[in-house]
2 protein chains.
Amino acid sequence: MVTDSNTEQKILDAAEEVFHQKGYDGARMQEIAEEAGINKGLLHYYFKTKDKLFEAIFSMALNRMVSKISAILDLDISLDQKIDLIVEQYMALFTRNPNLPRFVLNELNKNPDEFIARHFNGDIKRAFAGFAVSVQREIEKGTIQPIDPRHLLMNMISLIIFPFIGRPMIQVVFGIDNTEFKKLISERREHIKRFLNAALRP
Amino acid sequence: MVTDSNTEQKILDAAEEVFHQKGYDGARMQEIAEEAGINKGLLHYYFKTKDKLFEAIFSMALNRMVSKISAILDLDISLDQKIDLIVEQYMALFTRNPNLPRFVLNELNKNPDEFIARHFNGDIKRAFAGFAVSVQREIEKGTIQPIDPRHLLMNMISLIIFPFIGRPMIQVVFGIDNTEFKKLISERREHIKRFLNAALRP
DNA sequence: GTCTATATCATGATAGAC
DNA sequence: GTCTATCATGATATAGAC
């Protein structure tokens, strides 16, 4: 796909912005066109339908969500190091793309079967299986407390993702503005690592 | 709670079902009417606009999300007991209403200012302030490790909410069906309590 | 209160000039 | 490739009979 002009890229950037923020149902082709600095006619020239454009955006988004964790879980490093890497990389990813997790989780939920079948390869399932084994090994060595690896993985992801999905509510409850929220997020990197290590220590 | 089989209640039940599942943008008045066993004309007779109907549903949903935690944080009981109550009550609430957290967090995110101003009373802010004090007290007594009360509260909510928002992805990664997912959730009640206690112990 | 029919409008998509 | 103009559909909302 050797695309000539950069119009296609401008469209993809605009579509990502709008879809991530408003979801498939809330997004308007008109708004995407405006955001890209073109008109609807040209938008449909590049992507025949809203569905095809969405598909391109969603596919990239889902890939960005799962590729990192598959790779990290596969590494031959200690559990402690895996936690560090996952926290660092995903906090950074979601800081750059605050709407990414909500978008992916939402759209996945609307059409679970369709999307999952189309996009999920077996990588992440295999990576988790390997992770479960390495957790079991640490438990047997006595370096961490006994724990179901599924709950452990969910806990890590939960702690990382929630602030981005719950941001508006968080800012109200804590009475903080955008600047203070960013500070809270940056502190949270270290907090999550400490918290997980404390929970796991024998 | 014996549901009146009067028309207004049937509409509210149907609207809750559809709005919670598809959000404001994805919901169709036609579908709500069908779900309620009436037609669009009558639906508009009871609720003049889609906005008004949505407002009724969202208001109830947000209230169900925050009222419990405000009440629990206000109780004069130990931190340990508060954690127990929050985990028990919210896991039960979300088990009965699996789409509630996604719905509320999503819609809140789309119009943060508008909704927050209209619906949030100061209860939860005050409750959190009290919670922060009691956490500080436990830290000083040495019964728990030092921790930022904001992160602690976020951690509790994170661990509870995520499985419901991330359900489709979770089932794929762990390769489990609906029955096994329900079992995972029921185990998770105790897991979260143990995990939080382990992380907090001095 | 409840229904059918219809008005109004927004949006995805196409046609055709340049 | 890019634009303007237009179509076709579907959704909210209203009017009016019963």
Side-chain angles (χ1 to χ4, degrees), chain A residues 1-61 99 103 106-107 109-111 114-115 118, chain B residues 2-61 99 103 106-107 110-111 114-115 118:
Chain A
M1 40 190 327
V2 218
T3 305
D4 351 288
S5 83
N6 58 349
T7 301
E8 181 171 1
Q9 191 56 46
K10 282 194 300 190
I11 290 174
L12 287 171
D13 291 345
E16 179 169 298
E17 175 75 17
V18 176
F19 276 131
H20 280 210
Q21 196 189 326
K22 312 202 168 180
Y24 179 87
D25 294 322
R28 297 286 166 257
M29 294 297 270
Q30 175 64 37
E31 186 178 355
I32 294 174
E34 281 167 13
E35 179 88 16
I38 60 173
N39 56 46
K40 280 193 299 178
L42 190 55
L43 181 54
H44 276 94
Y45 172 80
Y46 277 89
F47 293 88
K48 214 122 202 61
T49 68
K50 182 182 179 182
D51 272 52
K52 286 205 202 316
L53 179 53
F54 174 80
E55 187 65 20
I57 300 301
F58 180 77
S59 179
M60 285 193 307
N99 294 315
F103 171 67
N106 253 330
E107 301 297 338
N109 191 70
K110 275 193 280 199
N111 316 40
E114 177 189 349
F115 287 139
R118 184 140 15 121
Chain B
V2 178
T3 38
D4 314 337
S5 72
N6 64 0
T7 303
E8 182 171 357
Q9 191 56 45
K10 281 194 301 190
I11 290 174
L12 287 171
D13 290 346
E16 178 169 298
E17 175 75 17
V18 175
F19 275 130
H20 279 212
Q21 195 188 326
K22 313 203 166 177
Y24 179 88
D25 294 322
R28 296 287 167 256
M29 293 297 268
Q30 175 65 38
E31 187 179 356
I32 294 174
E34 281 167 11
E35 179 88 14
I38 58 171
N39 57 47
K40 283 191 296 180
L42 190 54
L43 181 53
H44 277 92
Y45 172 79
Y46 276 88
F47 293 88
K48 214 124 201 65
T49 68
K50 182 182 179 182
D51 272 50
K52 287 207 201 318
L53 180 53
F54 173 79
E55 187 67 20
I57 299 301
F58 180 77
S59 179
M60 285 194 306
N99 294 315
F103 170 67
N106 253 330
E107 300 298 337
K110 276 193 280 199
N111 317 39
E114 177 190 350
F115 288 138
R118 185 137 17 119

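Order of the sequence lines fixes the chain letters, A, B, ..., with proteins taken first and strands second; residue numbering starts at 1 for each chain. In this text the structure is predicted, and so the values were computed from the model without any measurement.
- Side-chain N or O atoms of A:Asn6 include none that pairs as donor or acceptor with a backbone N or O of A:Gln9 at under 3.5 Å.
- Remark: A:Thr49 engages A:Asp51, A:Lys52 in a side chain to side chain contact (heavy atoms under 4.5 Å, CB included) (not counting sequence neighbours).
- Aromatic ring centres of B:Phe54 and B:Phe19: separated by under 6.0 Å.
- Atom CG of A:Asn39 and atom P of D:dT4 are 6 Å apart (whole Å).
- Judged by distance alone, with hydrogens and angles left aside, the side-chain atoms of B:Lys50 form a donor-acceptor pair with the main-chain N or O of B:Ala27 at under 3.5 Å.
- Interface limits on DNA chain C: the 5'-most and 3'-most nucleotides within less than 4.0 Å of chain B heavy atoms are C:dG1 to C:dT4.
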Check residues 36-48 of chain B and write down every donor-acceptor pair under 3.5 Å in which the side-chain atom is one partner and the other belongs to a residue at least two apart or another chain.
from    : atom 1 : to      : atom 2 : distance (Å)
B:Asn39 : OD1    : B:Gly41 : N      : 3.2
B:Asn39 : OD1    : B:Leu42 : N      : 3.0
B:His44 : ND1    : B:Lys40 : O      : 3.3

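- Here B:His44 does not reach the OP1 or OP2 of D:dT14: none of its side-chain N or O atoms lies under 4.0 Å away.
- In this structure, A:Ile38 places its CD1 atom 12 Å from P of D:dT4, rounding to the nearest Å.
- The CZ atom of B:Phe54 sits 14 Å away from the P atom of D:dT12 (whole-angstrom rounding).
- In this view, B:Glu17 and B:Gln21, B:Glu35 satisfy the side chain to side chain contact (heavy atoms under 4.5 Å, CB included) rule, not counting sequence neighbours.
- Listed by chain and residue number, A:Asp25, B:Lys110 satisfy the side chain to side chain contact (heavy atoms under 4.5 Å, CB included) test with B:Asp25 (two or more places apart in sequence, or in another chain).
- Here the closest non-hydrogen pair linking B:Leu53 and B:Leu12 is CD1-CD2, 4.4 Å.
- Listed in residue order, the members of residues 18-30 of chain A having a heavy atom less than 4.0 Å from DNA chain D come to none.
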